[in-house]
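Order of the sequence lines fixes the chain letters, A, B, ..., with proteins taken first and strands second; residue numbering starts at 1 for each chain. Not measured: the values here are computed from a predicted model. Keep in mind that the numbers below use all heavy atoms, side chains included, and drop hydrogens, waters and symmetry copies.
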Amino acid sequence: MKIPVKILKHICIPVGYSLLLVLNFSISVSAEDSIQEDIDRAAPGDTVNISPGTYEETVTIDEPITLKGTDVTWVNESGETLITVEADDVMLQGFTFEQGDESLEEEVVQGQEFSPEESDPVIRVTESEGFTFLDNIVKAIGSGIYAKNNDSFTIHNNEFFGSYSPYMEKGLAAVELYETDDVHIKQNRVENALDGFYLDSLSNAVIKGNIVEQSRYAVHLMYSSFIEGYDNTFRDNVNGLMIMDSYEAVFYENRLLDQFHVNGYGVLIYRSQGIDLYKNKISRNIRGIQLENAEDISIYENIISGNQIGLSWTRQEKDFDFYSNEMVGNVLSTYGEDNGNITLYSGEKGNYWDGYKLVDENGDHVGEKPYVAGSIYDSLLATRPEWQLFMNSPAMTIWTQVTDWLPPPQNDKVIDAYPRTVSTLEADNAASSDPGYGWTGFLLLLTSVLSIYFFKKEYKS
Amino acid sequence: MKKAPIFLTLMTSIVLGACQQISHDPHDINHDVDTCEICNMAINNKQASTQIVMQDGSALKFDDIGCMMQYKEENPEEVGDFHTEYVNGYDTQEWMDATEGTYVYDDDINTPMGNGVISFRSEEEAEAYVDSEDGELLEYDDLNDHDWDSY
């Protein structure tokens with residue numbers, strides 16, 4: 001029996017769609033529908049698919065569902081919260097959120113960090129377990145995500161953009177988390193936020209592979225613990241890492257670059273305990289690392305280069321472990337106040353200081369005399385940075401030489417007793433570059449010889 | 001006689017210079033460059049910012065009243081050089097003499113360093129805040145005894 005195609009269409013397509021819906025447990029919403037109505041219709045565990053288009057509504061999710069968008073722009077011009085999450089196991093994926101328009105942005109008053117009139121966050125999550133925010137773009141005048149009292153929180157592969165270019169006048173943190181544990185923040189990009197990731201009173205967070213630029217603080221820890229951060233790039237902010245009143249945090253293999261704001265720090269550790277920094281590249285900041293009132297701090301195997309001041313400390317009563325670091329090209333390697341307990345080595349491990357000129361007599365790559373941090377000229381530079389203009393002048397060269405020969409009495413000398421005389425950077429460069437340079441040189445030489453030979457031959461004939 | 005104008009100008013300059021008044025008004029906060037004397041955080045929250053104007057007219061700026069109290073505790077030898085302590089009204093966002101303020105403390109009040117203390121111009125305003133949001137009323141003299149590390 002032959003069934004007409006028309007009938008087939010009428011029967012098969014609806015049946016097929018129904019089957020798909022049942023099998024995938026998903027609901028589709030088009031631009032004409034209300035997203036809230038479909039969220040309300042969804043059963044726990046469903047996926048609500050939002051069709052391409054632009055939507056303007058605010059919704060509350062109070063059961064465990066996945067809300068998925070494809071080419072969906074979700075706007076709110078009055079700066080309200082677009083999605084409030086009050087359920088466990090909610091996932092938001094694939095949306096572009098745009099909050100606020102230009103007239104509203106102008107109403108944002110400087111400094112209203114906790115004002116009752118502050119802009120609402122784009123996404124608000126409270127008392128939820130298992131929240132996931134994946135593959136979204138957020139353009140916000142308030143916080144991107146504000147969350148309090150949650151557990152198991154994942155923010156992955158999103159982009160956050162603050163509304164203003166001068167960071168002080170615009171919105172709040174891209175991700176602002178309070179009392180939220182077991183947090184995973186991975187592969188996100190943030191621009192122009194007050195803070196990239198503000199983590200307050202939480203424990204157990206992994207911050208991996210993110211890029212934060214042109215914001216105030218890339219990562220801002222307050223009263224938090226057990227934080228692991230690696231493979232992040234924090235560039236052109238006021239501070240890369242701002243670690244305050246926190247304990248047990250480890251940051252490694254991050255790039256903290258170009259924090260060249262007048263008060264810029266690659267890393268600032270304030271009143272915190274048990275912080276490890278290793279294998280980071282901390283370059284071209286006003287200050288590379290600043291310690292203040294910090295305890296049980298380990299800083300090792302970092303490249304600290306090209307900063308105005310490489311390492312500095314104030315009100316630092318406790319010593320810290322500082323070893324196997326490469327201190328290269330900093331205008332001032334170190335600057336500290338109240339130096340009573342400070343040393344710049346740990347055990348028998350010291351650092352490489354490009355300002356250390358003494359010869360390694362026994363060939364063990366460790367200098368026989370200690371590296372002494374902070375000359376009188378260094379102290380002058382720390383208080384009057386403009387004096388670096390004279391850094392290579394003949395007068396400064398003579399002065400530096402004289403202070404090397406006849407060291408003036410200094411109180412509270414800070415030393416590295418085991419300064420390394422060979423930089424691992426130089427060794428790495430040499431290992432990776434020598435064969436290349438050799439072959440290039442040989443080819444150039446060969447080309448020159450052949451050119452001369454053929455030129456002469458041509459000339460004679 | 002030809003030197004008389006020069007002499008008069010010099011004398012006038014000296015007298016005017018000597019009579020110049022040092023201002024003890026609060027300094028403006030420049031959000032781009034000002035940082036807290038204690039914690040080094042940028043000061044970009046006007047409501048919570050405080051400052052101590054010194055006898056010589058200079059100012060020490062803080063992002064949170066807790067930092068100002070910590071500075072006073074750590075530097076008792078400088079107290080004689082303090083002229084006026086200023087705080088910002090939570091509602092008004094205007095500078096006022098800290099000794100004339102009334103304060104509210106609550107764990108849930110979110111200030112930059114988490115000390116949870118905010119300032120009000122009058123006791124009535126502070127009481128109104130406590131009635132609607134909860135909290136504990138403090139006078140200026142209570143601040144010295146307050147447990148700033150309790151957070």
Side-chain angles (χ1 to χ4, degrees), chain A residues 108-118 146 148-149 166-172 176 178-179 194-195 198 200-201 215-217 220-224 237-239 242-246 259 261-265 267-272 286-287 290-294 312-315 317 338, chain B residues 28-51 61-67 70-71 73-75 87-95 104 106-120 125 128-129 132-133 148-151:
Chain A
V108 177
V109 178
Q110 281 190 348
Q112 289 192 337
E113 197 172 303
F114 67 101
S115 153
E117 295 89 35
E118 74 183 24
Y146 175 99
K148 195 167 185 179
N149 284 327
Y167 69 93
M168 289 304 177
E169 297 180 12
K170 61 181 179 297
L172 308 179
E176 191 175 349
Y178 299 85
E179 296 162 41
L194 187 70
D195 291 346
Y198 178 79
D200 192 320
S201 311
S215 299
R216 185 182 69 165
Y217 307 146
H220 189 177
L221 303 183
M222 292 281 287
Y223 306 102
S224 292
N237 307 290
V238 175
N239 289 8
M242 187 70 160
I243 303 172
M244 312 186 81
D245 291 297
S246 295
Q259 269 67 232
H261 181 271
V262 65
N263 297 311
Y265 298 95
V267 182
L268 193 154
I269 303 175
Y270 171 77
R271 214 163 56 185
S272 297
I286 291 292
R287 293 195 187 209
Q290 161 84 4
L291 303 178
E292 189 169 339
N293 240 334
S312 61
W313 57 88
T314 52
R315 300 210 313 264
E317 291 174 8
D338 306 327
Chain B
D28 288 338
I29 300 286
N30 184 337
H31 301 280
D32 280 332
V33 296
D34 286 332
T35 54
C36 177
E37 288 286 333
I38 288 289
C39 71
N40 279 312
M41 265 179 67
I43 304 175
N44 69 328
N45 180 333
K46 193 176 178 189
Q47 287 163 309
S49 60
T50 68
Q51 61 178 293
K61 297 173 183 175
F62 307 92
D63 67 336
D64 190 306
I65 192 169
C67 288
Q70 187 179 339
Y71 188 90
E73 189 183 333
E74 288 181 2
N75 300 279
V87 295
N88 257 293
Y90 180 75
D91 289 334
T92 60
Q93 296 196 35
E94 288 174 2
W95 293 110
V104 173
D106 192 76
D107 259 356
D108 289 336
I109 296 175
N110 191 6
T111 64
M113 289 306 291
N115 291 299
V117 175
I118 52 177
S119 325
F120 291 88
E125 288 174 9
Y129 180 90
S132 66
E133 304 287 336
W148 292 99
D149 295 329
S150 65
Y151 187 85

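Contact between B/Val33 and A/Asn263 at its shortest, heavy atoms only, is O-ND2, 2.5 Å. Nearest approach of B/Met113 to A/Met222, heavy atoms of both residues: CA-CE, 3.7 Å.
Residue B/Glu74 qualifies as enclosed at atom CD: its count of foreign heavy atoms under 6.0 Å is above 12. Enclosure of atom CG in A/Asn149 by more than 12 non-hydrogen atoms of other residues, nucleotides or ligands within 6.0 angstrom is indicated.
Note that CE of B/Met41 is 5.5 Å distant from CE of A/Met244, once rounded to the nearest 0.5 Å. Here the CE-CG distance, from A/Met242 to B/Asn40, works out to 6.5 Å after rounding to the nearest 0.5 Å.
With a threshold of 4.5 angstrom between heavy atoms, A/Asp245 approaches chain B through side-chain atoms but not through N, CA, C or O.
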